[in-house]
Amino acid sequence: MLLTSVTSEDRMELRDRIRAGAGEIKADYVITNGNLINVASSEIYPAEVAIKDQYIVAIGDVDHCKGPDTRIIDAEGGYLSPGMIDGHLHVECSKLSVTSFAKLVVPLGTTSIVSGLDQILVVAGLEGVRHFLDEANGSPMGIFWGAPCKTPYTMPTSTVGHYFGPDDHRETHEWPECIGIWETVREFIQEEDEQVLEALEIAEKNNLPVFGCAPMCRGHKLASYANAGVRLDHESYTVEESLEKLRNGMFVVVRESSISHFLEENIQLATKLAPKAQHRVSFCTDDVVASDVLKRGHLDNMVRMAIREGVDPISAIQMATINSAVAYRIDHKVGIIAPGRLADIVIVDDPATFNVQQVVAKGKLVAKGGKMITELKAPARPASLTDTFKVKPTSPDDFKVRTSLDAEKVKVLAIEATNQIFVRKGKEVVMNVRNGEVLPDIDNDLIYISVVERYGKTNNRPTGIASGFNLKRGALATSTSPDDNNIVCIGTNSEDMSIAVNHIIAAGGGQVVVDNGEVVEFLTLPIGGIVSDIEPFEMAVLEEKLDDAARTLGCDVPWPFMYMFVLSITAIPDYAMTDLGVVDCVALEIVDPVQGPAE
């Protein structure tokens, strides 16, 4: 689906909008009895909004746009905000399909997301991405797509179904949804990855901006990184880091996800360190799950949080709307209630409390009182998205840490999950050996971790040692695991790990808890092995059941499955685990978990 030259039909649509603004063609809808939050002028005033097809055609006094067939949407004295834009979201990490995710967040006022769809990309290639984009085009939630700089993001390169490279960039930069280069991982720039540099050169020729991913990048490393033309970044762990990126010319995208809570820290950029630069600050959620969104909200929650932290209500709303649109160079399409933009409009009770009452998306009233009022149906799924596991079943022997050392005790590098989600530290420990096998040490929180390559390309299934989960028995496994979506499994014994992984393979994807040889809980994820079409509230119930089951096995991290699936991300220090083995994310190399004999 490539962008072609403007057709006569497109020109007629443009003429119709021009005429509708003049009242020569009457509006389909007019929103009345509302107060417009004008994020361009930072004003609030009574105004009506006229809508034709999917577009806003006039604001203010729109009597000239009303006709006998124009339908009225009564704002009931509420305040009209632009639809909100999530500036960086791995939608697939919610485990919900595009349709199901729209059901979750559109009633809360999120009408657009910026996403690389990188998770379905590594599983099902361009066909999978095109399928998800077409799905979004038919839903009330729009996706502005960033072509990933390269997939997978892992260094060294792990095994995936599709490797996205320069040839893909040449093709997809012409897609109408493509707005830039997504997730330009700092290490790729640092190491001068040839494919990534070529992708950036292609983007420059196509006048596409570059979006960053540079956690904990400071000083001369930041200067080097910024020279790659990176326009914005969403990965700041401290407000000082945010300020440094701002001073180096980047837009700052503040993140508040289900597992990484950075808004209270980084919003201080707007309230304390650089209050005159609030227009350079916007919002994203990155990775969220249904159970969390249903409790706290989505971008609406971030607006309320920012206000509580001292941001003026209009400024907070700008951060969720026009600031994001400007940062991503899409403000000619969304982010403001103004003629020519998509009719994405959120009616709230008051700017200061920001409780969403009604939502208009793509020109239609789609949600009211926190619920969808239009029916959304997911499209039929092709076999390329539902038959994605090409791996043979495992055996318990696959899940052992072996050593050729003639020693009863060995020094082992364990990957330790920390309280700061995504950050995994190395922990040197001493473990017992029996017949060449390093034995798990449950009492000291030293369990097995394995990644099983699922695409049938290598048969890789290395095993290492994990810490920080406090699992006392059984095993957990997941096939949704960015950035390569191989099967990640942690467990106290090889038998339960094999049962968990084999259950996922047989089901074609999911998340599972196994205890003493029995499957205790299972969530099926049949689309790409990573998402499902189930309703958001059903997903939330199943998420809670999975996490509760993990806790009964002793696991005491806040989000057991999310903490587990980030173990394979190599873009964040210090250690990770992919199908290649244990990765030193600083040296960017594979290391043997067995370091030597214990002294």
Do Q318 and I37 have side chains that get closer than 4.5 Å, going by heavy atoms? no

Distance (rounded to the nearest 0.5 Å) between Q358 CD and D74 CG: 7.5 Å

Qualifying residues under salt bridge (Lys or Arg N to Asp or Glu O under 4.0 Å), relative to E309, sequence neighbours excluded: none

Could you check whether any side-chain N or O of T184 sits under 3.5 Å from a backbone N or O of F211, counting only pairs where one atom can act as donor and the other as acceptor? yes

Tell me, do P148 and E183 make a side-chain contact under 4.5 Å, heavy atoms counted? no

Just by distance, with hydrogens left out, do S257 and D287 show a side-chain donor and acceptor under 3.5 Å apart? no

Can you confirm whether R247 is buried at CZ, in the sense that more than 12 heavy atoms of other residues, nucleotides or ligands lie under 6.0 Å from that atom? no

Test item: D28 side-chain N/O and D53 main-chain N/O as donor-acceptor pair under 3.5 Å: yes

The residue among V311, V252, I307 that forms side-chain contact (heavy atoms from CB on, under 4.5 Å) with I267 is V311

With side chains defined as the heavy atoms from C-beta onward, is the minimum distance between E92 and D118 less than 4.5 Å? yes

Classify the angle between the aromatic ring planes of W182 and H88 as parallel (below 30°), tilted (30 to 60°) or perpendicular (above 60°). parallel

Under 3.5 Å, is there a donor-acceptor pair between the side chain of K26 and the main chain of H64? yes

From L263 CG over to R255 CZ, what is the distance, rounded to the nearest 0.5 angstrom? 12.0 Å

Side-chain contact test, heavy atoms from C-beta onward, threshold under 4.5 Å: evaluate it for L294 versus L104 and give yes or no. yes

So which atom in A50 and which in A27 form the shortest heavy-atom distance, rounded to 0.1 Å? CB-CB, 4.1 Å

Rounded distance [0.5 Å steps], CG in D312 versus CE in M319: 9.0 Å

Determine, step by step, whether K295 and D292 satisfy the salt bridge (Lys or Arg N to Asp or Glu O under 4.0 Å) criterion, reporting the C-alpha distance in whole Å, the side-chain angles of both residues, the deciding distance to 0.1 Å, and the verdict. CA-CA 5 Å; K295 289 176 182 175; D292 181 50; over 6 Å; no

What are the two closest non-hydrogen atoms of R170 and E174, and how far apart are they? O-OE2, 4.0 Å

For residues 326-343, pull every pair meeting side chain to side chain donor-acceptor pair (under 3.5 Å), keeping only residues two or more places apart or in separate chains. none

Using atom types as modelled and distance alone, determine if a side-chain donor or acceptor of S115 lies under 3.5 Å from a backbone N or O of L89. yes

Does the side chain of T110 pick up a donor-acceptor pair with the side chain of D86 at under 3.5 Å? no

Please say whether more than 12 non-hydrogen atoms of neighbouring residues, nucleotides or ligands are located less than 6.0 Å from CD in E535. yes

D483 (side chain) donor-acceptor with P152 (main chain) under 3.5 angstrom: no

After noting the C-alpha distance and the side-chain angles of L523 and F561, does the key distance pass the side chain to side chain contact (heavy atoms under 4.5 Å, CB included) rule? CA-CA 11 Å; L523 166 63; F561 278 85; over 6 Å; no

Work out which heavy atom in A102 is nearest to a heavy atom in M372; give both atom names and the distance. O-SD, 4.4 Å

State, yes or no, whether a side-chain contact exists between Y225 and N248 at a heavy-atom distance under 4.5 Å. no

Is R381 paired with E135 through a side-chain N to carboxylate O contact shorter than 4.0 Å? yes

Applying side-chain contact (heavy atoms from CB on, under 4.5 Å) to Q268 and not counting sequence neighbours gives V239, E265, T271, K272

Pairing of K95 and E543 as salt bridge, 4.0 angstrom limit: yes

Compute whether any side-chain donor of one residue and acceptor of the other, for N323 and Q278, lie under 3.5 angstrom apart. no

Backbone N/O of I44 and side chain of N38: donor-acceptor pair under 3.5 Å: no

Sub-3.5 Å donor-acceptor pair from the side chain of K364 to the main-chain atoms of T374, do we have one? no

Would you please classify the geometry between the Y237 ring and the F262 ring as parallel, tilted or perpendicular, with 30° and 60° separating the classes? tilted

Tell me, do I317 and P351 make a side-chain contact under 4.5 Å, heavy atoms counted? yes

So, does S324 use its side chain to make a donor-acceptor pair with the main chain of S282 at under 3.5 Å? no

Apply side chain to side chain contact (heavy atoms under 4.5 Å, CB included) to residues R130 and W175 and explain how you reach the verdict. CA-CA 9 Å; R130 189 66 260 168; W175 288 6; 3.5 Å; yes

Looking at every heavy atom in both M302 and V254, which two are closest together, and how far apart are they? CE-O, 3.4 Å

So with a 6.0 Å cut-off around CD of E538, is the heavy-atom count from everything else above 12? yes

Chi angles and distances behind the side chain to side chain contact (heavy atoms under 4.5 Å, CB included) call for E256, R296: CA-CA 11 Å; E256 178 73 15; R296 295 199 303 157; 3.1 Å; yes

So CZ of F101 and CG of D533: to nearest 0.5 Å the spacing works out to 14.5 Å

Polar contact flag, side-chain donor to acceptor under 3.5 angstrom, S242-N266: yes

Heavy-atom pair of closest approach, residues C65 and A58: SG-CB, 3.8 Å

When you measure from the side chain of T388 to the backbone of L385, do you find a donor-acceptor pair of N or O atoms at a distance under 3.5 Å? no

K66 atom NZ, over 12 foreign heavy atoms within 6.0 Å: yes

Do the side chains of E201 and K205 get close enough for a salt bridge, i.e. N-O under 4.0 angstrom? no

What is the distance from atom OH of Y55 to atom CG of L342, rounded to the nearest 0.5 Å? 5.5 Å

Does some side-chain heavy atom of I143 sit less than 4.5 Å from a side-chain heavy atom of F132? no

Would a 4.5 Å heavy-atom cut-off, applied to side chains only, mark H162 and D168 as touching? yes

Mind checking the OG1-CD1 spacing from T32 to I73? Nearest 0.5 Å is all I need. 9.0 Å

Go through it in stages, so that I can follow the logic: the residues are V348 and V356, the test is side chain to side chain contact (heavy atoms under 4.5 Å, CB included), and I'd like the CA-CA distance, side-chain angles, deciding distance and then a yes or no. CA-CA 4 Å; V348 300; V356 176; 4.2 Å; yes

Could you tell me whether a side-chain N or O of R17 sits under 3.5 Å from a main-chain N or O of G340, the two making a donor and an acceptor? no

Looking only at heavy atoms, which two atoms of V288 and S258 are closest? And how far apart? CA-OG, 3.2 Å

